[in-house]
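We're numbering straight along the sequence, starting at 1. Given the structure is predicted, the values throughout are model-derived calculations rather than measurements.
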Amino acid sequence: MTAIQKSLAEFLGTFWLVFGGCGSAVIAAAFPDVGIGLLGVSLAFGLTVVTMAYAIGHISGCHLNPAVTIGLWAGGRFPANEIPVYIIAQVVGAVAAAAALYLIATGNPDYDIVVNGLAANGVGEKSPGGYAMGAGIAIEILLTFFFLMIILGATDGRAPAGFAPLAIGLGLTLIHLISIPVTNTSVNPARSTGPALIEGGIALSQLWIFWVAPMVGAVLAGIVYKFVGGDGQNVTGTKD
C-alpha cells in the first residue's frame, strides 16, 4: 500500500472512532428515557475499533491513535519514517470528526457547547467525577499501557488468527467502562485533540495531559512486550 492509501485509511478510521465514540456521548448518552448511558458509550468506542479493524486493518494496520503508532514503533512493529504521516492523518481525522459532530449537535436548539461540550477529556473541574490531575495522568498511563499490551499480543503471529479486532475492540470497551468517570477516557491523543480544539477553554489547556500520558504508557508497553513476547513474529511477519 502507498503512503497516501495508508494515511487516508487512518484519516477515515480515526474520523469514525471520534465521530462514533464521542457522538454516542454527545447525542445518545443522555437522550430522554432511552439514553445509552456510560455502557453504551463504552460499547460505541469499542465497536468503532472492531468495525474499522476489519475495514482498513489490511491497508494501514488500523492504528487510529498516535499512542498506538508510537507503541508499535517502541515494540519494533512499525517503522519510524512512517510515524509523522500516520499521526498527522489521525489528528486531522479526529478534528474533522469533532467539527462534523459539532455541526450536527447544533441542529438541536437546546445544545450549548459550553454546557454540553463534545465529550472532551479533562481532569479536575473538567473530569466527569472530579478526579484530580494526578489520578487522571496515572489512569491514562496505566490503561494505555494495557491497551498496547492487548494490541501487541493480539497481533502477534503466534496468537489465534482473525480475532485481533475483537480483542482490541473489547479491550477499548473495558478501558472506557473503567475510566469515563475519571478523564472521560482518552488513551488516544488524536481523540482528545479533535473535541478540545472545537471546545477550547479548559479542554484545550489540559490537552497536553492526553498527549503525554498515553505516549508514556504506549512506549512502556512496547518495551515490556518485547521482553515478555520474545522474538515471535507479528501478523506482518516482522520480528518483534
Side-chain angles (χ1 to χ4, degrees), residues 9-31 35-57 60 62-69 87 89-105 111 113 116-122 126-129 136 139-140 143-144 146-148 150-151 165-199 203 206-207 209-211 213-214 218:
E10 286 295 305
F11 168 85
L12 293 172
T14 310
F15 183 102
W16 184 236
L17 182 146
V18 174
F19 188 79
C22 295
S24 70
V26 172
I27 297 171
F31 191 76
I36 62 175
L38 297 186
L39 175 58
V41 174
S42 300
L43 285 169
F45 273 101
L47 288 170
T48 62
V49 171
V50 172
T51 52
M52 273 296 139
Y54 284 115
I56 66 169
S60 67
C62 192
H63 296 189
L64 317 185
N65 181 341
V68 170
T69 300
I87 291 180
Q90 292 156 1
V91 171
V92 172
V95 173
L101 178 57
Y102 175 69
L103 177 64
I104 292 168
Y111 176 80
I113 193 168
N116 305 108
L118 285 173
N121 301 113
K126 186 66 175 172
S127 162
I139 201 165
E140 288 291 331
L143 292 180
T144 308
F146 279 102
F147 188 41
L148 264 294
I150 293 167
I151 291 171
L166 295 176
I168 296 166
L170 288 172
L172 189 60
T173 298
L174 176 58
I175 284 167
H176 279 79
L177 288 172
I178 296 167
S179 62
I180 287 178
V182 184
T183 61
N184 224 14
T185 310
S186 173
V187 302
N188 183 339
R191 171 262 184 271
S192 298
T193 300
L197 286 178
I198 304 298
E199 278 194 32
Q206 293 184 352
L207 180 59
I209 296 170
F210 303 102
W211 274 88

- What's the spacing between Leu47 CG and Thr173 OG1 if we round to 0.5 Å? 6.0 Å
- For the student: nearest non-hydrogen atoms of Val41 and Ala25, plus distance: CG2-CA, 3.7 Å
- Message: Under the rule for ring pair (Phe, Tyr, Trp, His ring centres under 6.0 Å), what residues qualify as partners of Phe15, not counting sequence neighbours?
- Response: Phe19
- Message: For residues 176-185, which residue pairs pass the side chain to side chain donor-acceptor pair (under 3.5 Å) check, not counting sequence neighbours?
- Response: Glu140-Thr183, Ser179-Thr185
- Message: Which residues pass the side chain to side chain donor-acceptor pair (under 3.5 Å) test with Asn188, not counting sequence neighbours?
- Response: none
- Return yes when atom CZ of Phe146 has more than 12 non-hydrogen atoms of other residues, nucleotides or ligands closer than 6.0 Å, and no otherwise. no
- Item | Selection residues 90-99 - residue pairs positive for side chain to side chain donor-acceptor pair (under 3.5 Å), sequence neighbours left out | Glu10-Gln90, Thr69-Gln90
- Supply the atom-to-atom distance Ile180 CD1 to Asn121 CG, rounded to the nearest 0.5 angstrom. 10.0 Å
- Item | From OG1 (Thr193) to CD1 (Ile87), nearest 0.5 Å | 10.5 Å
- Item | Residues that Ala203 engages under side-chain contact (heavy atoms from CB on, under 4.5 Å), provided they are two or more places apart | Ala120, Lys126, Ala196, Glu199
- Task: With rounding to the nearest 0.5 Å, note down the distance linking CD1 in Ile198 to CG in Leu118.
- Result: 7.0 Å
- Message: I'd like to check the side-chain contact (heavy atoms from CB on, under 4.5 Å) partners of Ala44; sequence neighbours left out, ordered by chain and number.
- Response: Ser24
- In sequence, state the C-alpha distance, the side-chain angles, and the governing distance for Phe147 and Leu174, and then conclude on side-chain contact (heavy atoms from CB on, under 4.5 Å). CA-CA 10 Å; Phe147 188 41; Leu174 176 58; over 6 Å; no
- May I have all residue pairs that pass side chain to side chain donor-acceptor pair (under 3.5 Å) and include part of residues 36-51, sequence neighbours excluded? Trp16-Thr51
- Query: About how many Å separate SG of Cys22 and CD1 of Ile27, when rounded to the nearest 0.5 Å?
  - Reply: 10.5 Å
- Task: Using the test ring pair (Phe, Tyr, Trp, His ring centres under 6.0 Å), find all partners of Tyr102 that sit at least two apart in sequence or belong to another chain.
- Result: none
- Note on the structure: For Val49, the side-chain contact (heavy atoms from CB on, under 4.5 Å) test, sequence neighbours excluded, returns Leu17, Ile168, Leu172
- Message: Restricting to side-chain contact (heavy atoms from CB on, under 4.5 Å), what partner residues turn up for Leu39, sequence neighbours left out?
- Response: Leu43, Leu177
- Query: Between Ser127 and Val182, which heavy-atom pair has the shortest distance, and what is it?
  - Reply: OG-O, 2.6 Å
- First locate atom OG of Ser186, then atom CD1 of Ile139, and finally report the distance between them rounded to the nearest 0.5 Å. 12.0 Å
- Of all residues at least two apart in sequence or in a different chain, which pass the side chain to side chain donor-acceptor pair (under 3.5 Å) check with Gln206? none
- For the residue pair Ser192 and Phe210, what are the closest heavy atoms and their distance? OG-CB, 3.3 Å
- side-chain contact (heavy atoms from CB on, under 4.5 Å), paired with Cys62, selected from Ile56, Val68, Val50: Ile56
- Note on the structure: Shortest non-hydrogen pair, Leu38 vs Pro181, comes out as CD1-CG, 4.5 Å
- Query: Just wondering, do Tyr111 and Val26 contact through their side chains at under 4.5 Å, heavy atoms?
  - Reply: yes
Using residues 92-101 as the side-chain source, report each donor-acceptor pair under 3.5 Å to any protein atom, sequence neighbours left out, with the distance given to one decimal.
none

